[in-house]
Amino acid sequence: MAAVSLRQGDLVWGKLGRYPPWPGKIVNPPKDLKKPRGKKCFFVKFFGTEDHAWIKVEQLKPYHAHKEEMIKINKGKRFQQAVDAVEEFLKKSKGKDQGSSHNSTEEKNRRNSSEERGKQGSAAEKRKSEGKAKKYIGDGKKRTISTKADRGSKSLLKGVNNQSPRKRGRPPKDDKPVKDDPHFHHFLLNQTEKPLVTYQAISKRLKISEEENRSTSIQAADSTAANGSITPTDKKIGFLGLGLMGSGIVSNLLKMGHTVTVWNRTAEKCDLFIQEGARLGRTPAEVVSTCDITFACVSDPKASKDLVLGPSGVLQGIRPGKCYVDMSTVDPDTVAEIAQVIVSRGGRFLEAPVSGNQQLSNEGMLVILAAGDRGVYEDCSSCFQAMGKASFFLGDVGNAAKMMLILNMVQGSFMATIAEGLTLAQVTGQSQQSFLDILNQGQLASIFLDQKCQNILQGNFKPDFYLKYIQKDLRLAIALGDSVNHPTPMAAAANEVYKRAKALDQSDNDMSAVYRAYIH
């Protein structure tokens, strides 16, 4: 999309990642929401969804000028509902404008005559101001004094297009909170710029590359059709488990046009997805029996086995040809046991744990690690593209579980080391913010590092990845090492710190709350 001249309050079509252009409105961001550094973008709230995000200027188009074009190339119930919401918003705004137009006419005339009388004085003042535009003030930092004429045209873009780089974690002083709008729901989609991926096609073709270790990666390829969405599989999809990860996955499956039936142990969590077009399954067995491919994403090995083997469980709904995909992070033995019972009933099995967190799940930027039935893996391609940025096929059942545990072992150990470094900096009289700033200029710089350190510095431990689950993964990774007589002393040490944090009632906080194990 070409760059356009926009300002706060404008209605626009915004393109976010892989999704088709969607109607939205430019608004002020909340105070605590950082603008992506080095990017010219606006904060847009989207109609008909709970999403809003920073969108780059080149990914925006004016609403009215491109309305007919967008309606032609985008179809679907949710898209039409979004357009209807825009029209309703415009209708109400027009009613308010008509009610106030009569009262404002006289005031407008008076203002125009005053402006005419003041033109000569304004021109002189402008010349004076321009002469002052580049001065050294106070501490010697170079500042620009806007002329009065400039100020009027630039103020609406203040904090977006003209914002200077600033220290991490410090919101600008003039940021204003988002005002409630009856046509929007407030849901934080992303706080950082996600990797740039362009999808401009009805269908996303697959690039499949096999490496020497027989690992296969499926990623979306750019293509050339018009509406920016993927072609969803015509298979009926089931999904069991709507926790932090499962909720984002299901949301993206629905956005991309998949037919999804959902079930959750706490049934109320299904309500939002039913409103978005999902169907409700009364039991896991019912979901599996009515769907072609059923995904599951639950908390631990016990939950995975109970879901399959328990009353009205998955196994009771398995018939020849039914596909079951377990996305939970569990140990290889649990995966092998589940695979065996599914296949014994004529079903097809794939393990597909995901690497990421709640934010990446919401954004559809997970990494999927799969193993088992290669045919099921290929049948899931449109689903994996909807929920992730890449997927890897790792061969036989159990390989994905092993790889996932190793990845989370590294991540959990790293998180504990970060917390240890922050506390050591504090007790030795060093600035924790300076510690983070220095790390972010070095080889360890990453979104993960910055976000988790900011959590600690701000005392915000709202879960993005539960502490109790990273401790579970460390425990399982240590057991994996024991099974092949391989030492894991770093993971074992980190595990003890997380156990200490759990004893301090941090289980349901984010993994970054491991910091509290060092300060109590």
Side-chain angles (χ1 to χ4, degrees), residues 30 32-34 168-171 187-188 190-192 243-248 297-300 303 328-329 353-363 366 404-428 430-437 439-440 444-478 488 490-520:
D32 59 350
L33 187 58
K34 296 188 296 181
R168 295 173 182 269
R170 294 185 182 179
F187 182 77
L188 180 62
N190 65 333
Q191 294 193 14
T192 57
L244 288 183
M245 305 296 280
S247 293
C297 188
V298 293
S299 59
D300 56 31
S328 313
T329 300
V354 292
S355 178
N357 53 27
Q358 183 184 27
Q359 180 179 320
L360 295 176
S361 176
N362 291 338
E363 293 173 359
L366 296 169
M404 190 73 255
L405 291 177
I406 295 168
L407 290 170
N408 282 358
M409 177 189 75
V410 172
Q411 181 175 246
S413 300
F414 182 47
M415 182 68 252
T417 302
I418 293 170
E420 191 170 293
L422 280 167
T423 52
L424 183 58
Q426 183 179 42
V427 299
T428 57
Q430 305 305 304
S431 164
Q432 291 181 320
Q433 182 63 57
S434 295
F435 173 73
L436 172 58
D437 291 341
L439 281 177
N440 278 326
L444 294 178
S446 65
I447 293 173
F448 176 83
L449 172 70
D450 188 48
Q451 287 181 338
K452 297 308 180 186
C453 285
Q454 292 295 349
N455 286 354
I456 292 171
L457 295 180
Q458 296 168 14
N460 174 20
F461 298 109
K462 180 180 177 181
D464 193 43
F465 193 123
Y466 282 114
L467 184 144
K468 61 186 176 184
Y469 293 158
I470 197 68
Q471 189 274 321
K472 174 263 297 183
D473 293 344
L474 280 166
R475 173 174 55 81
L476 294 177
I478 293 167
T488 52
M490 303 300 292
N495 186 47
E496 293 304 314
V497 183
Y498 283 99
K499 286 163 64 176
R500 167 68 175 160
K502 286 177 66 177
L504 294 170
D505 295 324
Q506 301 302 309
S507 290
D508 293 325
N509 281 333
D510 186 72
M511 69 162 73
S512 53
V514 69
Y515 174 80
R516 289 179 170 167
Y518 287 98
I519 61 176
H520 287 86

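- Here the closest non-hydrogen pair linking P353 and S328 is CB-O, 3.7 Å.
- With sequence neighbours excluded, the residues forming a salt bridge (charged side-chain N to carboxylate O under 4.0 Å, His left out) with K468 are D508, listed by chain and number.
- In plain terms, the two heavy atoms of Y518 and A416 that are nearest each other are OH-O, 3.5 Å.
- Across Y515 and T423, no two heavy atoms sit closer than the pair CE1-CG2, 3.2 Å.
- Note that CD of Q411 and CG of L474 are 9.5 Å apart. Values are rounded to the nearest 0.5 Å.
- One finds the CG atom of L457 at 5.5 Å from the CD atom of Q454 (value rounded to the nearest 0.5 Å).
- The side-chain heavy atoms of C453 and I418, taken from C-beta on, include a pair separated by under 4.5 Å.
- From Q430, atom CD reaches atom CG of L422 across 12.5 Å, with rounding to the nearest 0.5 Å.
- Rounded to the nearest 0.5 angstrom, L244 CG and C297 SG are separated by 9.5 Å.
- Between the side chain of S446 and the backbone N or O of L449, at least one donor-acceptor pair lies under 3.5 Å.
- At distances below 3.5 Å, not a single donor-acceptor pair connects side-chain atoms of K499 with backbone N or O atoms of A494.
- Summarising the geometry of S434 relative to S431, their closest heavy-atom pair is N-OG, 3.1 Å, with the distance given to 0.1 Å.
- Between the side chains of Q359 and N362, no donor-acceptor pair of N or O atoms lies under 3.5 Å.
- The minimum heavy-atom distance between A517 and A501, with the atom names listed, is CB-N, 3.9 Å.
- The two residues V354 and M404 come nearest to each other via the heavy atoms O-SD, 3.5 Å.
- A side-chain donor-acceptor contact under 3.5 Å links Q471 and K502.
- Residues L405 and N408 are not in side-chain contact: their nearest non-hydrogen atoms beyond the backbone lie 4.5 Å or more apart.
- Within the 3.5 Å criterion, the main-chain N or O of V410 finds no donor-acceptor partner in the side chain of S413.
- For the atom pair CG (D464) and CE (M245), the distance works out to 8.5 Å, reported to the nearest 0.5 Å.
- Between the S361 side chain and the N357 main chain, no donor and acceptor come within less than 3.5 Å of each other.
- Take Y466 and apply the ring-ring contact (aromatic ring centres under 6.0 Å, His included) test, not counting sequence neighbours, and it matches Y469.
- Residues satisfying the salt bridge (charged side-chain N to carboxylate O under 4.0 Å, His left out) criterion with D473, sequence neighbours excluded, are absent altogether.
- Within the 4.5 Å cutoff, no side-chain heavy atoms of F465 are placed close to those of Q358.
- Here the straight-line distance linking atom CG of L467 with atom CE of M511 works out to 8.0 Å at 0.5 Å rounding.
- None of K452, K462, R516 except one satisfies the salt bridge (Lys or Arg N to Asp or Glu O under 4.0 Å) rule with D510; the exception is K452.
- Using a distance-only test at 3.5 Å, with no hydrogens or angles considered, a donor-acceptor pair links the side chain of R500 to the main chain of H520.
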